[in-house]
Asks: 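One structure, as structure tokens, below. Some questions next.
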Amino acid sequence: MAGLVTTALLAAAAAGASGTAAQAAPDSPDSPDSSQSRPSPSRLVKTPTLEARATLSADYSAPGPDSGALATPNGAVNGRTGPFKGQVVPGFSGVVDNGNGTFWAMPDNGFGSKANSADFLLRVYKVKPKFETADGGAGAIKVQRFISLRDPDHRIAFPIVNGDTPDRLLTGADFDIESIVRQPDGTFWIGEEFGPYLLHVSKSGKLLSAPVPFVDGKSPDNPTLGAGETPAIGSSRGFEAMAGSKDGRYLYPILEGALNADTDKRRRVVYEFDTRKNRYTKKTWAYETDTDANFVGDAHLVGKRKLVVLERDNFDGPQSVTKRVYSVDLNRREDGFARKRLVLDLLKIANPQRIGTETSPGAYGVGSTFAFPFQSTETVVPLSGGRYLFANDNNYPNNSARHPGTPDDTEMIVVGFPKVRTDAPTVRLIGHRGASGYRPEHTLASYELAIQQCADYIEPDVVPTKDGQLVARHENNIVGTTDVADHPEFADRETTKVVDGVSQTGWFTEDFTLSELRTLRAKERLPKVRPQNTAFDGLYPIPTLDEVFDLAKHSQSCSGKPIGVAPETKHPTYFASIGLPTDGPLVAALKAHGWKKKSDPVVIQSFETSNLKALAKKTKLPLIQLVDCSGAPYDLKAAGSPTTYADLVTPAGLKGIKRYADQVALCKDVMIPRDADGRLLAPTPVIRDAHRAGLEITGWTFRRENQFLPLQLRSSDDPNAVGDLNGEIETFLDAGMDNVFTDNPDIGQEART
């Protein structure tokens, strides 16, 4: 698109003062290649890559009595109605590697609750995947045999479903088994959730001793919970994950959810259990999830008190945000929690061999980029060579991540980590409010997608709550970005306020505590422009700034570098005037996350000037002066200063900015204006002048819809249709812009590379 700028410049020169705009001309064969002026050095990056995949039909049933009589009480689910012939296999919640190509694979309690799983028999299946790989293969899981969990020796003191039978086969109404560890002698320890209990069973499945009760209390489903006794954890929040030491001495069960009494709902407790003494030790550790609603799905010990932990959200398919594996060092602490580092994001796995694309045509997440987007992604198993095996619990027949309306198969995949030479573009790509072109803005879903789409930085706008907590919202008026209007309990908080001289009516963050805000859910701000995004309305909470920072800290860019953050302080003069200043708390939050040096991947932004000048004295972190297309910084306006944004981008004004800021972020029209019909004109001198002043330049905001694009790059007269955003970004980069804010990081990635 370099030819577009060249043509515009020539036309502007020919038009003289009349300002007649030019139509775009096609690139000529000898047009300069913009990529040559924006070199992209490459580096070797360890890249999660799909090596193998195998599936077991969702409708597979093993021998045994019919199951699921109460699984679908309201009629068909994904086209299936119980009871089901034989014993269905509703995915795997725990897997043990036998080292010979076979695995012990354990389903959970069956259909999700005590009430509907009494006809589901608890078993561990021996399976042999015949993987599909780059060399071909069936891609099928063969079930060889199973062992049944049972209590013929009456180790269990409370009533069980099959208590009057000789074998006393255990069912999903007795225990909710979720995690499994094999001992050196071939026996198994199993973590479950109804108690929660630890179960020790023989290699043939016989219970060897009484269930070991949880040291810190009971769940609501505990069969011994007394009348008036307060549960310590929520229902189904017990030992979803459990690791074991190689010598069999210690188990490390981890709570899936937070303790009810814990004020920090992101905390998950890791316990230590001594199998020789058959009791818990007094050692515990704290693991912090990415957000309070996330679950710990599985864990394995890979070193002395070093774990790999699978963390997941409760979403399925395209709604998924977190399906991640972290390495966790219990011996090292960060901010009071065991240190964690990203191993891989299961929503972005390279699949250069396109494994599964022919055997699962049209399946969501099966393509050149592979995703494992199942609601109950609950199994990670370290394999030889640094590879990992993953499996899903499909909650039969409820989950349909791959094909909506069709129950998910059980899948087992193997992921390796070859080093791949990857471009490291010099142009910084900033996900504007995340990937807000595809997900409701300022949600963890939007930020996570921006990272997957190769954004180098994510941008949270910062506003405070009534109790002084910082959250990510575009504005403090949340009427257009949340479902607050649908909450009758907050109806009396609708009000009219004057913010930065503008009167507006709605609900405002400063009138809510953080806990109240967390009951709201985000919605698409531009539903008529992006109707496809409304499919995600009502799913995601307002994230705290701490969560956004943690997501960045625990992620990496496509070029293998740390993800940066670009927080924007919203309305600093207004918030200071009502006793809720944000600049100091923002700097403190950044410092708490280890960001305080000029070289750290952080840029602090503001449309105002006074707070940036004050911040320059408080922090060494880079600062960005935001410049709007028109008007003036509100702090100057409130002080009676005549200085406008136009004054800030004069040569003298830019030199003045350089005294307190490192960069300018310019409205697109300040760099390349448009005529009355929307055609691009010639670039202004601002880019040249800013560079001469020593300022780096970021342009905002680049969006793919026609209404945001110059006339030359629109695809049609439909303002909401997708136009040529790639071409627009390239045009501005060719004109000298250094970095880009975009709602569509995937397109920004194409343009800069």
Asks: Identify the heavy atoms of Asp669 and Cys629 that sit nearest to each other, and give their distance.
Replies: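 For Asp669 versus Cys629, the nearest heavy atoms are CB-SG, 4.2 Å.
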
Asks: Can a donor-acceptor pair be found, under 3.5 Å and without considering hydrogens, that links the side chain of Asn78 to the backbone of Pro407?
Replies: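 Answer holds: no.
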
Asks: Could you tell me whether the side chains of Thr544 and Arg518 share a donor-acceptor contact shorter than 3.5 Å?
Replies: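 No, no side-chain donor-acceptor pair sits under 3.5 Å.
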
Asks: When rounded to the nearest 0.5 angstrom, what distance separates OG1 in Thr55 from CG in Asn394?
Replies: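 Nearest 0.5 Å value for the OG1-CG distance: 11.0 Å.
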
Asks: Just one of Phe741, Phe607, Phe732 clears the ring-ring contact (aromatic ring centres under 6.0 Å, His included) bar with Trp700, so which one?
Replies: Phe607

Asks: Which heavy-atom pair separates Val529 from Gln707 by the least distance, and what is that distance?
Replies: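 So the minimum-distance heavy-atom pair works out to CG2-NE2, 3.4 Å.
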
Asks: Taking Glu516 first and then Arg493, would you say they form a salt bridge - that is, a charged N and a carboxylate O separated by under 4.0 Å?
Replies: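 Looking at Glu516 and Arg493, the cut-off is met.
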
Asks: What residue among Arg266, Lys265, Glu311, Glu256 forms side chain to side chain donor-acceptor pair (under 3.5 Å) with Asn294?
Replies: Glu311

Asks: Grab the two heavy atoms, one from Asp313 and one from Ser320, that are nearest each other, plus how far apart they are.
Replies: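 Looking at all heavy atoms of both residues, the closest pair is OD2-C, 3.6 Å.
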
Asks: Decide yes or no for Thr49 and Pro352: does some side-chain heavy atom of the first lie under 4.5 Å from some side-chain heavy atom of the second?
Replies: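 A side-chain contact exists here, since the closest heavy-atom pair is under 4.5 Å.
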
Asks: Between Asp262 and Arg267, is the closest basic N to carboxylate O distance under 4.0 Å?
Replies: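 Asp262 and Arg267: salt-bridged.
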
Asks: Is it the case that over 12 heavy atoms from other parts of the model lie below 6.0 angstrom from the NZ atom of Lys553?
Replies: yes

Asks: May I ask you to decide whether Glu728 forms a salt bridge with Arg704, counting only side-chain N to carboxylate O separations under 4.0 Å?
Replies: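 Arg704 and Glu728: not salt-bridged.
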
Asks: For the backbone of Ala58 and the side chain of Asp409, can you confirm whether one donor and one acceptor N or O come within less than 3.5 Å of each other?
Replies: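 The answer is yes, because a donor-acceptor pair under 3.5 Å joins these two groups.
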
Asks: Tell me whether Asp724 is salt-bridged to Arg714, with the criterion being a basic N under 4.0 Å from an acidic carboxylate O.
Replies: no

Asks: Quick one: which of Arg473, Lys497, Lys466, Lys570 gives a salt bridge (Lys or Arg N to Asp or Glu O under 4.0 Å) with Glu510?
Replies: Lys497

Asks: Looking at every heavy atom in both Gly238 and Glu193, which two are closest together, and how far apart are they?
Replies: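 Nearest pair, atom of Gly238 first, then Glu193: N-OE2, 3.3 Å.
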
Asks: Is there a donor-acceptor contact under 3.5 Å from the side chain of Asp298 to the main chain of Glu240?
Replies: no

Asks: Taking atom CG of Asp492 as the centre, report whether more than 12 heavy atoms of other residues, nucleotides or ligands fall under 6.0 Å from it.
Replies: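 Yes.
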
Asks: Within the structure provided, determine whether Pro48 and Asp345 are in side-chain contact (heavy-atom separation under 4.5 Å).
Replies: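 With C-beta onward as the side chain, the pair stays apart.
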
Asks: Roughly how far apart are Phe417 CZ and Tyr388 OH, rounded to 0.5 Å?
Replies: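 Output value for this atom pair is 6.0 Å.
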
Asks: Could you tell me if Lys340 sits above the aromatic ring of Tyr326, with its cationic atom closer than 6.0 Å to the ring centre and no more than 45 degrees from the axis?
Replies: yes

Asks: Are Lys668 and Phe702 in a cation-pi contact, defined as NZ or CZ under 6.0 Å from the six-membered ring centre and within 45° of the axis?
Replies: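 Judged by the rule, Lys668 and Phe702 form a cation-pi pair.
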
Asks: Salt bridge between Glu475 and Arg433, side-chain N to carboxylate O under 4.0 Å?
Replies: no

Asks: Quick one: do the Gln504 and Asn477 side chains pair a donor with an acceptor below 3.5 Å?
Replies: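 Judged by distance alone, the side chains do pair up.
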
Asks: Looking at Tyr396, is Arg80 sitting on its ring face, NZ or CZ under 6.0 Å from the six-membered ring centre and within 45 degrees of the normal?
Replies: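 Here Arg80 fails the 6.0 Å and 45° test against Tyr396.
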
Asks: State whether the side chain of Thr357 and the backbone N or O of Arg354 hold a donor-acceptor pair below 3.5 Å, judged by distance alone.
Replies: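 Between the backbone of Arg354 and the side chain of Thr357 there is a qualifying donor-acceptor contact (under 3.5 Å).
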
Asks: Between Arg752 and Asp456, does any side-chain N to carboxylate O distance fall below 4.0 Å?
Replies: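 Counted as a salt bridge, because a side-chain N and a carboxylate O are separated by less than 4.0 Å.
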
Asks: Would the distance check show the side chain of Asn744 and the main-chain N or O of Arg703 forming a donor-acceptor pair, the cut-off being under 3.5 Å?
Replies: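 Not a single qualifying donor-acceptor pair exists.
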
Asks: Taking it one step at a time, do Trp595 and Phe549 satisfy ring pair (Phe, Tyr, Trp, His ring centres under 6.0 Å)?
Replies: CA-CA 10 Å; Trp595 292 317; Phe549 287 175; 5.4 Å; yes

Asks: Would you say the side-chain atoms of Ser446 pair up with the backbone N or O of Leu444, donor to acceptor, closer than 3.5 Å?
Replies: no

Asks: Is the CD atom of Glu489 crowded by more than 12 outside heavy atoms at less than 6.0 Å?
Replies: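 Buried by this count: over 12 neighbours within 6.0 Å.
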
Asks: Drop me the distance from Leu389's CG to Met412's CE, to the nearest 0.5 angstrom.
Replies: 4.5 Å

Asks: Does Asn392 reach the main-chain N or O of Glu411 with its side chain, forming a donor-acceptor pair under 3.5 Å?
Replies: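 Yes, the answer is positive, given that a donor and an acceptor are paired below the 3.5 Å cut-off.
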
Asks: Taking all heavy atoms of Ser715 and all of Ala721, pick out the closest pair and write down the distance.
Replies: OG-CB, 4.0 Å

Asks: Among Arg439, Lys348, Arg324, exactly one meets side-chain contact (heavy atoms from CB on, under 4.5 Å) together with Glu448. Which residue is that?
Replies: Arg324

